[in-house]
Amino acid sequence: MTSPSRPKTTPDVSARMKRVRTSRTSAEREVEKVLRRLRLRYKRNPKSLPGTPDFLIQDKKLAVFVDGCFWHGCPRCFSGTRRNREWWKDKIETNRRRDKRMDARLWRLGYQVMHIREHDSQTRVQRRLLTAVRSRRIC
Ligand SMILES: [Zn+2]
């Protein structure tokens, strides 16, 4: 199956992409605040790891990704695009498949993987991080 070529960007889509980029950065900042509050030591974007996680909590071997709701086709927030619907669907499907592949590679390397969604509240992020760092078995 061949995927259609990249469509011309429409004003509708560029406005959306601009918003997405902005909110993604702020989502990462929110997660960073929680990590600091929990006094977890982390590294940003370790390029040596598959998929370059957004954060790595080294002593817990926990890789954290902050997924933008648009790019990762969040079932709660993503409602599709008006134009070039098929092309975007393909693109997002490709992203999701890549996420799964990277998760599997990290697992094989002994990392715990967590995906946080852009729409998650700080409370939820904190709860999930605490559960993950506490549940990590020491071996
Ligand atoms: Zn979402």
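As the structure lists them, so they are numbered: ligands from 1, and atoms in each ligand from 1. Quick note: numbers below take in every heavy atom, side chains included, and nothing from hydrogens, waters or symmetry partners. All residue numbers in this chain count up from 1 along the given sequence.
- Of the N and O atoms on the side chains of Q58 and R41, not one donor lies less than 3.5 Å from an acceptor on the other residue.
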For H115 and D99, what are the C-alpha separation, side-chain angles and deciding distance, and is it a side-chain hydrogen bond (donor to acceptor under 3.5 Å, both in side chains)? CA-CA 10 Å; H115 285 268; D99 287 351; 5.0 Å; no
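- Residues V133 and V31 are members of one and the same hydrophobic cluster, defined by side-chain heavy-atom contacts under 4.5 angstrom among Ile, Leu, Val, Met, Phe, Trp and Tyr.
- By the criterion of a separation under 2.8 Å, the protein N/O/S atoms near the Zn ion (ligand 1) amount to C69 SG, C74 SG, C77 SG, H119 ND1.
- In this structure, R105 places its CZ atom where only 12 or fewer heavy-atom neighbours from other residues, nucleotides or ligands lie under 6.0 Å away.
- Put simply, CG on L62 and CG on L129 are 6.5 Å apart, with the number rounded to the nearest 0.5 Å.
- In summary, K33 and E30 engage in a salt bridge, as defined by a charged side-chain N under 4.0 Å from a carboxylate O.
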